[in-house]
Amino acid sequence: MKLYSTNNKDLRVSFKDAVFNSMPQDKGLYMPVEIPKLDADFIANIENYSLPEIAFKVASTLLKDEIPAEDLKALIEDAINFDAPAVKLDDKTFVLELFHGPSLAFKDFGARFMSRVMAYFLKDGEQLLDVLVATSGDTGGAVALGFLGVPNTRVTILYPEGKVSPIQELQLTTNGQNIRAIEIKGTFDDCQALVKQAFADPELNRKFRLTSANSINISRLIPQTFYYFNTYAQLKRKGIQDVIFSVPSGNFGNIGAGLLAYKLGLPVKQFIAATNINDTVPRFLESGVYETKPSTQTYSNAMDVGAPSNWIRIMDLFNQDIDILKKVVTSYRFNDEETLAGIKDIYAKFNYVACPHTAIAYLAIEKYRQEKPADHSAAVFLSTAHACKFPDIFPADIASRIEIPEQVTALTGRPKQADQLSINFSDFKHYLLNGLIVD
Ligand SMILES: *Cc1c(COP(=O)(O)O)cnc(C)c1O
């Protein structure tokens with residue numbers, strides 16, 4: 001697989017370079033030069049394959065010989081070692097649970113695959129890979145747990161003091177080994193500014209092999225295609241062939257992967273991009289004008305994104321043609337009041353507790369069905385996180401129904417290991433160079 005930049009179609013880089021650089025110098029995003037179709041025979045018989053088998057087929061079709069078959073198989077079996085069940089709510093409605101990995105969010109697919117791809121490309125004797133991440137919660141947990149114990153890597157996570165949920169903090173700060181957590185006395189934006197400055201610092205770049213683990217890395221996108229195919233296989237086993245997907249969207253990586261799966265040959269009738277009031281994309285599809293805006297805080301805070309970084313990938317997949325794109329992608333927005341009503345509605349109708357992000361995807365299906373009563377496709381809405389990660393949102397009766405998964409109970413009671421730093425870059429730089437100096 002060769003990749004180009006969305007800002008320079010003539011550029012060609014290897015998969016390895018795209019993985020370690022994350023972003024081209026020209027500030028575009030890497031995209032595969034060729035998106036081959038999976039063979040029709042495989043799609044026709046997909047119900048006979050397991051998730052790891054489907055993942056291998058998709059990854060090897062896309063990556064070609066970048067990673068030899070046996071190595072890729074082993075890598076996938078190690079990375080994708082948890083399930084993604086499409087749970088039936090009624091004959092035509094399914095919730096795709098993507099929260100059975102270590103951090104209880106769909107970001108585990110991307111983070112675990114990326115960490116293992118990076119470890120694979122780090123040959124013996126190569127310099128330690130230093131991963132720097134700023135997080136507002138979910139990304140940091142997935143990256144920390146994704147890289148935990150991965151040889152030849154070290155992860156430094158910056159998170160804003162007092163602004164992540166208790167479970168998120170457990171996931172960030174109880175790891176030890178090759179994971180360091182730093183609590184910043186500031187906001188998420190301060191954390192992000194520190195990381196950006198570190199990447200731009202010549203001295204740090206001379207001393208360390210720095211890399212980011214953010215959601216634009218192509219190796220995070222690829223594994224997210226796997227579960228779209230695997231869902232189609234699950235529904236086919238139930239005799240269903242016509243499928244629409246509703247994806248709760250922030251940076252649009254998840255739905256971008258769905259659309260990549262579509263281009264790889266997955267038969268999908270429609271994608272619905274569901275957002276909160278950070279609605280840059282629904283506004284664009286209505287007006288044709290793409291206008292980003294500063295993000296607003298909502299209950300579905302992992303989707304509080306005013307300038308979705310993966311959107312240019314989606315436009316690129318559709319050759320910038322909004323009319324063709326609109327045939328495949330519909331988009332709706334919902335505010336916090338509607339989100340809460342959605343949570344209550346899913347609970348009342350199906351006795352199912354959905355996290356706020358998941359509830360928005362559900363609401364989008366309801367709305368789509370109202371607008372398109374002739375479409376009788378089965379609808380799958382993606383559940384991107386376990387409800388226990390957002391305890392403050394739920395009314396007491398629903399909150400009491402949330403079961404705490406073993407991934408959390410395993411961490412409870414472990415001592416918090418986090419260093420505290422100010423928002424000054426000089427302190428952070430000193431920390432990276434010398435470690436924490438205790439007075
Ligand atoms: C990151 C995240 C999203 C948004 O996914 P994108 O790929 O950025 O669109 C939605 N829900 C949850 C729970 C998340 O953590």
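In each ligand, atom 1 is the first atom listed, and ligand 1 is the first ligand listed.
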Looking only at side-chain N and O atoms, does [Y] offer a donor or acceptor that is under 3.5 Å from a partner on [X]?
X	Y	value
E371	Y332	yes
N7	S5	no
N276	S300	yes

Discussion item. Using only atom types and a distance under 3.5 Å, with no angle test, would you say the side chain of D321 pairs donor to acceptor with the backbone of I324?
Written reply: yes
Worksheet item: Taking the six-membered ring of F394, is the NZ or CZ of R401 close enough (under 6.0 Å from the centre) and on axis enough (within 45°)?
Response: no
Practice prompt. Tell me the residues surrounding ligand 1, counting only those with a heavy atom closer than 4.0 angstrom, sorted by chain and number.
Written response: F106, K107, D138, P248, S249, G250, N251, F252, G253, N254, A302, M303, H357, T384, A385
Fill in: side chain to side chain donor-acceptor pair (under 3.5 Å) partners of N319, counting only residues at least two apart
none
